[in-house]
Number of protein chains: 2
Amino acid sequence: MRYSHKLSDAVHILAYIDICHDDDLSSTAIAASVESNPALVRRLMGALRRGGLLATQQGSATPKLARRPAAITLLDIYRAVEDDGNLLHVDDKTNPHCIVGGNIQDTLRVAYAEVQSAAEVQMKTITLARLIGDILTRERAKQGSAGE
Amino acid sequence: MRYSHKLSDAVHILAYIDICHDDDLSSTAIAASVESNPALVRRLMGALRRGGLLATQQGSATPKLARRPAAITLLDIYRAVEDDGNLLHVDDKTNPHCIVGGNIQDTLRVAYAEVQSAAEVQMKTITLARLIGDILTRERAKQGSAGE
DNA sequence: CATTCATGTAACAATTAAAGTAACATCAAA
DNA sequence: TTTGATGTTACTTTAATTGTTACATGAATG
């Protein structure tokens, strides 16, 4: 498959809603920033709403964060938009009559869960507030160095 | 795309070569355990060889681990077989004229690198020796409980 | 209250990375 | 020299993501 950008685009949407709260917040306007299309934006917004991160209203282009940016972590967003939240995948078609093929699936499941857990612990430390702050800092740095 | 099983199959191959060292170690025999095909096995073995984890000889079905299983980590295997070693992917097509679209790529790259690093630290702690030991332990548990 | 424009959602097509298949050059071993 | 192995490439098939289109539903304005 193609590599998923859902997490990146979901962060983009949330950051956009927070930073550009005075601008047009329609799915079309957000899609222009993501360089994607309104349907994709609405799909992701639906997932974020079901994940308790976003409040939307049908018919009205007035999405709002459901929590403070400091109370939204990258892990929250990840779990909201990624159907398959697994970073690594066990091959579930191995020969059960072989010592290796018959046991490796359970062995790898445990190992992969440890890796997944380590990644999620880190994702939990990264808040939307930090990401928004970083975006704004980078923008200021650009302004400050303009025309040098 | 489909989810990659390359890491799982590569671990399978290495564990098979160590555990079944007295059996047929042809790519066809290994493919039967993986329930895949010989070409896939040979492709992965080629990557493992280039990664310095496996010693093979063209024309002879005598692959050998290039290091002790205790000196091979899940991270070594991951890096050997995954062309794109990134667990998360930045959307590299965002509107550069927007505050968010113009800065979020760099912002996410940093954040994703932290997550990647946390996962890799954990992968580094998981050795092939441990995975092999786990497979053998599970097999013994099956034998002990046979017919219960 | 009708028009306009928004979201919410689903169905379908297009894209792309992985896995399957086949072919063949090269090398080992009997 | 014959047989069978690996190493490698090209091509096909599969499947998850993204793009596209359509339309039901709700909000807002005159």
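Chain naming here is simple, since letters A, B, ... match the order of the sequence lines and numbering starts at 1 in each.
The side chain of B:Lys6 has C:dA18 as its nearest neighbour among D:dG19, C:dG20, C:dA18. When each of D:dA16, D:dA15, D:dT25 is scored by its nearest atom to the side-chain atoms of A:Gln58, the top-ranked nucleotide is D:dT25. Here the nucleotide nearest the side chain of A:Ala39, chosen from C:dA14, D:dT20, D:dA24, is D:dT20.
Of the side-chain N and O atoms in B:Arg42, none sit less than 4.0 angstrom from OP1 or OP2 of C:dG20. Close to D:dG26, at under 4.0 Å from its OP1 or OP2, lies no side-chain N or O of A:Ser60. Taking 4.0 angstrom as the limit, B:Thr62 places none of its side-chain polar atoms (N or O) nearer than this to OP1 or OP2 of D:dA5. For B:Ser36 and C:dG20, the shortest distance from a side-chain N or O to OP1 or OP2 is below 4.0 Å. Contact annotation: A:Tyr3 reaches the phosphate of C:dA18 (side-chain N/O to OP1 or OP2, under 4.0 Å).
Closest-nucleotide positions on DNA chain D for B:Arg2 and B:Gly46 were compared, and the one nearer the 5' end corresponds to B:Gly46. Between B:Ser27 and B:Arg43, the one whose closest nucleotide on DNA chain D sits nearer the 5' end is B:Ser27.
The two residues B:Val100 and A:Ile135 make their nearest non-hydrogen contact at CA-CG2, 4.2 Å. Minimum interatomic distance between A:Thr56 and A:Pro63 (heavy atoms only, all atoms of both residues): CG2-CB, 4.3 Å.
Scanning atom types as modelled, no donor and acceptor separated by under 3.5 angstrom connect the side chain of A:Arg50 and the base of C:dG8.
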> Which is it for B:Asp76 and B:Arg67 under the salt bridge (charged side-chain N to carboxylate O under 4.0 Å, His left out) test, yes or no, and what are the steps along the way?
Replying inline: CA-CA 11 Å; B:Asp76 295 326; B:Arg67 299 187 217 156; 3.4 Å; yes

>> Apply side chain to side chain donor-acceptor pair (under 3.5 Å) to residues A:His12 and A:Ser33 and explain how you reach the verdict.
In response: CA-CA 8 Å; A:His12 192 137; A:Ser33 176; 2.7 Å; yes

